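Everything numeric in this text was worked out from a predicted model, so none of it was measured. Chain letters run A, B, ... following the sequence lines, proteins first and then strands; every chain starts at 1.
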Amino acid sequence: MDDFSDLELFDDESSQSQASEPYLLGFVIANIVGLRYYHGTINRREMVGLVREPLNPHDPNAIKVINVRAAQVGHIERSVAAVLAPLLDSFTISVGAIVPKPPNTPKPYRLPVQIHIFARLAASAFVLDALAGGGLSLISDPNPGFALSEAAIVQEKKPDEATRLDDVFAMVGKNDAGIVPLEPPKDIVLTELLPHQKEALGWLVDREDPCNLPPFWEEKDGGFCFLLTNHQTSDRPEPLRGGIFADDMGLGKTLTLLSLIVTNRPSYTAHGSKKSNSRKKPGGSRKKRKLNEEDDQVSGPRTTLVVCPKSVLSSWVTQLEEHIQVGALKVYLYYQERVKDIEELKKYDIVLTTYNTVASEYGSGASTLESIDWLRVVLDEAHVIKNTASKQAKAVFALNAERRWAVTGTPIQNRSSDLYSLISFLRFEPFATKTYWTSLIQLPLHKGKESGMLRLQSLIGTITLRRTKDTCCDGQRLVALPPKIVETCFVELSAEERECYDEMESQAQSIISRYIDAGTVLRHYSTVLYCILRLRQICNDVALCPSDIASLLPTGALEDVSNNPELRNRYLSMIEDGDDFDCPVCLSQPEKVVITHCAHIFCEACILKVLKRTNPPCPICRRQLSRSDLFLVPPTKTSNDNEDDLQKMVNFDRPLSSKVKTLLKLLITSKEANPSEKSIVFSQFRKMLILLEEPLKAAGFRVLRLDGSMSVKKRTEVIQEFGKNGSHSSTVLLAALKAAGAGINLTAASRVYLVDPWWNPAVEEQAMDRVHRIGQKQEVRIIRLIVKDSIEERVLELQERKKRLVGGAFGRKDPKSQANMRVEDIRTMMHL
DNA sequence: ACCGCCGGGTGCC
DNA sequence: ACCGCCGGGTGCC
């Protein structure tokens, strides 16, 4: 099952293809009403934000109007809101708004506003109808062909948005001339920071209490002016505390963040129990706070919430243990079992949790994480929230914190909308409000206007720090790494293996070419993947793959009960209740267990015999049964059945597969040359790793294994163990490609074997980067094992093509952006 | 008068 | 709001 986890058919990129970018349909005139009830001020020709208010008790269609300071100005009049709300809620349109006339003094009751309507070309007819049906007249440009020609321009311009976005970070660093490198307290952060990390720390500390006005604000006649919308106010705008920390992978972001947490630790009263309502007033405390300043009055929040993907948790734990003085920081792992006591959690310096944990509490009405005012929230691998509609994104948006950080090694994935989610998380007003983002950034950008690009650069430039491994620091490359050599070792199959492979491949080819001819590949995607999977397995070892491919096709195989959670739970509870387990047909313990839709249990063989009769009934309850009512129960995961089977398979006196033999030979040769050299063996197949363990041990290697099924704690232990040196230390780590997620440091090794190729080169690259990163002192040798004349060679071909395709500057290292296989790729891989 | 008309109260959503 | 709308008071000429 795990092998399929990344193989979504379409990523979101394809669903919002270039042709479907919103364009300006025109605008409607409406009134902002209820101005007398709110304090939000507004100036002439000022842009305002429109925000849906579905929970408004007076009108579920309510749309409120806010200014750049997010202060409410009024509402859109009811009749217009009634038309727009459904279109907004269904994401059919997006809107921007501008107040054309200056409000009179004294304050009027209502104010006309132009609402610009944006829609995708495909939806425009529907939107026009809906607007007309609601009695709204849409005004488009005097030029009657405006809307369409505009759309055409947008489509023409769109393809190079990606290229132009490469420039977004051009500004980053340009404003940073004034960065002063900073040392963290040495008694707590035990590791000496590298020069670029000290610079980053200086920048982070500065960003948490910035002196300058936020971008696009200007001081003017004793007041303040937001230049982009002409908003004037006498209140100083709140500074944005935090930002985007987007250094490349491997530059030590986690260590730098830990240093920030230590360095900017507020001082507290004894146990900070009295509630602080000293929310920073605008204009107050403009002066830089001195570090570690004694201040008995401060009793604000002390806790930093770190949210990261599960795969990175262990890396945080490891880095804490490695770099931070024991006991200096109180850290709580809020994951699985977790304390719900808010006051208790507030006593920690760091609460470490995952996106899924935050998401699982979101909207429950009793979210512990949401009810705490955090000192800061750090989102690690923040690009995971790029979809603002996802539950994870919504959940982290709801977190309250004085300071907010989005941390990512892959900040831009070729679309400005990915940046929006980060801005939105940072609560970087007014851009965090969708209507402002759309009108101030997104739209000018799509129209190809320079202003959009300049604005985006300027705002990203102020709040982002990004360096790559190639960035220079005092004329030196930030990170000088020893060389990395990638070589390919071709494996010849034995005659026996070759026969099996060819047989399987021609079966698979005939199945898949039939789908391709019928144009139904995508509908049979899982079958296709199954075929490909099997072929890849045979290249590793025939034992990974049952011999008859036909029996593996969905039409032949019974569905797995894990696809039917309700039934699976019933089955599990039946086992727990100690129900009798024997097959009622043959009265013995079933070998392969099948559970029926009516929840009765049989041997697979017995119930299949029953099924051969006409109109077969369930032998127990007499209900009619068909094949689709049967679900195969896999051996229980928690038991060792699976591994025992594999061990049996390994010890069955079977000759080793060609690939295993080759790998062994390579390992033995390098061991003879250098007995203490450590190697990592990556495979996508957990079974392959298990299968390798015995032969390696038999050949005298000390072996460790790291795979996705291990707990966070166990993984951390394994990585630590692997890092140890000495005559009894382990020299080979068998690792699942995916388990080596971002952040894991495997620099103890200097040799990497990629046992099987992954069609997305970025995934392999990520795995290699775990070894070839800061801290690596030796030359790194990477050896990929490829079976000649097989699907593996074609996977290499595919990789090359993908690499050429994404030659651009961004997204290159983002495994997600090219995670999916398309029909053309399938053709290549199947030699069709 | 199951109306028209008058004039006071009232006012976002 | 110098409006519209609501609802109570009122009622031939």
[X]: which residues meet the side chain to side chain contact (heavy atoms under 4.5 Å, CB included) condition with it, sequence neighbours left out?
{"X": "A/I463", "answer": "A/R207, A/L240, A/I244, A/I423, A/L426, A/F428"}
{"X": "A/Q114", "answer": "A/F27, A/I29, A/I98, A/P100, A/H116"}
{"X": "A/Y37", "answer": "none"}
{"X": "A/D129", "answer": "none"}

| Can you tell me how far C1' in C/dC13 sits from the matching atom in B/dC2, rounded to whole Å? |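 Looking at atom C1' only, C/dC13 and B/dC2 are 25 Å apart.
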| message | Between B/dA1 and B/dC6, how far apart are the two C1' atoms, rounded to whole Å? | response |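 15 Å, rounded to whole Å.
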| query | Taking OH from A/Y109 and C1' from C/dC2, how many angstroms apart are they, rounded to a whole number? | reply |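 Taking atom C1' of C/dC2 as the reference, OH of A/Y109 is at 11 Å.
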| request: Return the value, rounded to whole Å, for the distance between atom CG of A/N31 and atom C1' of C/dG4. | output: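 To the nearest whole Å, that distance equals 14 Å.
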| message | Quick test of your reading: applying salt bridge (charged side-chain N to carboxylate O under 4.0 Å, His left out), list the pairs with at least one residue in residues 359-372 of chain A, sequence neighbours left out, ordered by first then second residue. | response |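 Applying salt bridge (charged side-chain N to carboxylate O under 4.0 Å, His left out) to every pair that reaches into residues 359-372 of chain A, excluding sequence neighbours, yields A/R338-A/E361, A/K340-A/E361.
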Who are the side-chain hydrogen bond (donor to acceptor under 3.5 Å, both in side chains) partners of [X], not counting sequence neighbours?
{"X": "A/Y335", "answer": "none"}
{"X": "A/N31", "answer": "A/E77"}
{"X": "A/T354", "answer": "A/T357"}

| query | Does any nucleotide pair with B/dC12 by Watson-Crick or G-U wobble geometry, both distances under 3.5 Å, and what is it? | reply |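 Checking every strand shown, B/dC12 finds no partner, since no pair has both distances under 3.5 Å.
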| request: Output the residues of residues 45-58 of chain A in contact with DNA chain B, where contact means a heavy atom of the residue under 4.0 Å from an atom of the strand; sort by number or write none. | output: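 Within residues 45-58 of chain A, the residues near DNA chain B are A/N56, A/H58.
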| query | Counting only non-hydrogen atoms, which of residues 91-100 of chain A are less than 4.0 Å from DNA chain B? | reply |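 Those residues: none at all.
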Do any N or O atoms of the protein come closer than 3.5 Å to N or O atoms of nucleotides 9-12 of chain B, and which pairs are they?
from	atom 1	to	atom 2	distance (Å)
B/dC12	OP1	A/Y37	OH	3.3
B/dC12	OP2	A/Y37	OH	2.5
B/dC12	O4'	A/G34	N	3.3
B/dC12	O2	A/H75	ND1	2.7
B/dC12	N3	A/Y38	OH	2.8
B/dC12	N4	A/Y38	OH	3.4

| task | Provide the full list of side chain to side chain donor-acceptor pair (under 3.5 Å) pairs with a residue in residues 56-65 of chain A, sequence neighbours left out, each pair given once. | result |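 Pairs touching residues 56-65 of chain A that pass the test: A/E53-A/N56.
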| query | With no hydrogens and no angle check, is any side-chain donor or acceptor of A/T435 less than 3.5 Å from a backbone partner on A/L50? | reply |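 Yes.
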| With under 30° as parallel and over 60° as perpendicular, where do the rings of A/F245 and A/W203 fit, or are they tilted in between? |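 Ring orientation, 0 to 90° scale: tilted.
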